[in-house]
Number of protein chains: 2
Amino acid sequence: MTVTIKDVAKKAGVSPSTVSRVLSNHPRISKETSQKVKEIVEELGYHSNIMARGLISNKTYTLGMVLPRPAEELFQNHFFSESIRGITTQASRQGYDVLMTAGSSEQDEVEAVTRLVKGRRVDGIILLQSRKNDPIISFLQKEAFPFILIGHYGSEDILCVDNDNEQASYDATVHLISQGHERIGFVSGPTNLTVSEDRLKGYQKALSEHGLRMEPDWIVEGEFLQESGYRAMAFFMNLPERPTALVVIDDIVTFGVLRGLTELGYKVPDDLSLVSFNNIALSELSSPPLSSVDIGIYQLGYMASQLLIRHIDEDKPQQLRTIVPHKLIVRESSVNLRRNWS
Amino acid sequence: MTVTIKDVAKKAGVSPSTVSRVLSNHPRISKETSQKVKEIVEELGYHSNIMARGLISNKTYTLGMVLPRPAEELFQNHFFSESIRGITTQASRQGYDVLMTAGSSEQDEVEAVTRLVKGRRVDGIILLQSRKNDPIISFLQKEAFPFILIGHYGSEDILCVDNDNEQASYDATVHLISQGHERIGFVSGPTNLTVSEDRLKGYQKALSEHGLRMEPDWIVEGEFLQESGYRAMAFFMNLPERPTALVVIDDIVTFGVLRGLTELGYKVPDDLSLVSFNNIALSELSSPPLSSVDIGIYQLGYMASQLLIRHIDEDKPQQLRTIVPHKLIVRESSVNLRRNWS
DNA sequence: CTGAAAGCGCTTACAG
DNA sequence: CTGAAAGCGCTTACAG
């Protein structure tokens, strides 16, 4: 039923070995033979069986990926789809496919990865999130299996693509300072993600460099959910002395802040100025449009594939950490009109 | 380096055949042997090589999926990530992984699918979009390869999960009629998608059943982009006689409409009432919150995996078409307050 | 330049 | 209940 290499060989009047060589562009093969075999291949619609080939070469031309768990993922619909699009597009271009698994718990995830690695189902793994103390990373390190992390893992020597999140957050904060703000708050994400930590650092650095007050009450931790923004907003607006501007970890969270403010009759940016991260499509459409740091999510995914594949092929990566540039997009939510127009 | 079945066999003092039988829970195997082998498997961290196994059984325990092309995909970030989450979660639960490829053109896509099918790389394929005259579908039908379509393909006999989009659109339109509207417009999506067609039909049916006017000018086609909504809005508001309410193909498009209206100083729902589809997270957060038909995207994905796997295992699907129920969520954008409170 | 043979890691009738 | 043998579809030294 399925066309095998034998069928092609028979029809072409050569041996299977020869067909195989033609298909892999072996140098020492005569032009006529090559041509003839290729014709037959076309005619019969032959495609080599990936299993059989992989069994020998120990290559699958597949990159593995673990889908974030619902609990953690909710937030990042945008990050998720954009990075996957980047990963898959680039992988396809280089002749790789992308395999996804999901786990419903951390242990599930580790098991899924183990299965992929030990079962030789993929040639490398892409991790979409950098969590602290990630057992998946320990496992992959132990196995010396090729992988790349979007983000970073402390300062360990692993292959990764990342933004300079500290700098990005610093830039966002300095922008607010330049708009005349002196009381600036920070709405963070889950503390077990390195990105939360990095952005907090950048924020603090900006404040301290400009001699501004750092108030513990002005830093709130949450998740990548609108609810978190809503709650943070409620908290801030009830403080006796409240910030006049916020740096927010994610656009989605900012939508929550915005909604709360609107309900209470506050105005953005007059009563509270906002800058956040990701620059999702809707941030431009909200009213007012949101200032946001574009972190190049598609490019993060794209680079992840590219670097991982290079690592798989060449073994020794020249450079472990690659930084994707960010860009602050200033929109109404953080522009103090009165100052600008004076 | 890698642990094979032979290593396990040697250490357990049995033959590879026996190890294989233990692993596949063959009935006639002694308890002691089984136990012993399992211990060794655990101890050595043995995982069976998927390639080798697949080569024999002709099963990959993998479902294939073609990532929509950027041009078409932009719109559907939400649909995309939610359905993939549904697909992958359910697949994982049933012991399957999901393989993604991307193609940058229609031909690329067909080639990618051909490679997956002919190379025996997957056991079945999930199609995320139902386009008219899709060469991928023709190919899969010709090959008699298991696949499932999210949506439907005319009235052809193929396995699919779908919403009753005609009914959903009918419901949305009737809701507007019940709010007292008599001039209702429709903003559609790309005409090559069956979903656009189905929803247009439902809208027309509702109007005709209620004896309302059907004005060609009140029907606009666009894409799943905010820009489309913006343009549609501009068009409608410039008509000498304009609709007082719109049924819009997708929440994202509605955001474009909303933005335009806000810019021009119109109010929703007073000047124009809006209902759309998908019920994405942000539709609740916009101002005003959007009425939207929840079509159960996660469930569409989830069912797609489940039904496809069943089809793969059992061969004969009992039922070809499965309908995921929809639900109209009414929010401010379509509620005529004056009428309701009178 | 090309073919016969061995083997990748596993499964499964065939014997016993 | 278990082992030896054949084979899944391919690749790749080894000869020639």
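The chains referred to below are lettered A, B, ... by the order of the sequence lines, with proteins before strands, and numbering in each begins at 1. Keep in mind that what you see is a predicted model, and the values were worked out from it rather than measured.
Taking OH of Y298(B) as the start and CD of Q90(B) as the end, the distance is 8.0 Å to the nearest 0.5 Å.
No side-chain donor-acceptor contact under 3.5 Å links T62(B) and D97(B). At a cut-off of 3.5 Å, with distance as the only test, a side-chain donor of S130(B) or T194(B) sits close to an acceptor on the other residue. For S15(A) and T18(A), the side-chain atoms include at least one donor-acceptor pair closer than 3.5 Å.
Other residues, nucleotides and ligands contribute more than 12 heavy atoms inside 6.0 Å of the CD atom of Q94(B). Counting non-hydrogen atoms of other residues, nucleotides and ligands closer than 6.0 Å to NZ of K36(A) gives a total of 12 or fewer.
The separation between D7(B) atom CG and dC10(C) atom C1' is 13 Å, rounded to whole Å. For the pair K31(A) NZ and dT2(C) P, the computed distance is 13 Å after rounding to whole Å. Between the NZ atom of K59(A) and the P atom of dT11(D) there is a distance of 14 Å, given to the nearest Å. dC10(C) atom P lies 13 Å from atom NZ of K118(A), rounded to whole Å. Following rounding to the nearest Å, N25(A) (CG) and dT12(D) (P) show an atom-to-atom distance of 13 Å.
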List the steps and the verdict of side chain to side chain donor-acceptor pair (under 3.5 Å) for R21(B) and T33(B).
-> CA-CA 10 Å; R21(B) 291 198 184 94; T33(B) 314; over 6 Å; no
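Contact detail for G45(A) and K118(B): the closest heavy-atom pair is O-NZ, 3.6 Å. Among all heavy-atom pairs drawn from G124(B) and L308(B), the shortest one is C-CD2, 3.9 Å. Taking each heavy atom of L140(B) and L127(B) in turn, the nearest pair found is CD1-CD1, 4.2 Å. Across all their heavy atoms, L55(A) and A52(B) have their closest contact at CD1-CB, 3.6 Å.
In this structure, T33(B) reaches the sugar-phosphate backbone alone: every heavy-atom distance under 4.0 Å involves primed, P, OP1 or OP2 atoms, never a base.
dT12(D) and dG16(D) are spaced 16 Å apart, taking the C1' atom of each and rounding to whole Å.
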Could you pull out the protein-nucleic contacts involving nucleotides 13-16 of chain C (nitrogen or oxygen on both sides, under 3.5 Å)?
| unit_1 | atom_1 | unit_2 | atom_2 | d |
| --- | --- | --- | --- | --- |
| dA13(C) | N6 | R21(B) | NH2 | 2.4 |

Using atom names, set out every protein N or O paired with an N or O of nucleotides 6-9 of chain C below 3.5 Å, distance rounded to 0.1 Å.
| unit_1 | atom_1 | unit_2 | atom_2 | d |
| --- | --- | --- | --- | --- |
| dG9(C) | N2 | A52(B) | O | 3.4 |

Read 5' to 3' with Watson-Crick or G-U pairs under 3.5 Å, [ ] for crossing pairs and | for partners on another strand, DNA chain C gives |||.||||||||.|||
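Residue T18(B) has a polar side-chain atom (N or O) positioned under 4.0 Å from OP1 or OP2 of dG3(D).
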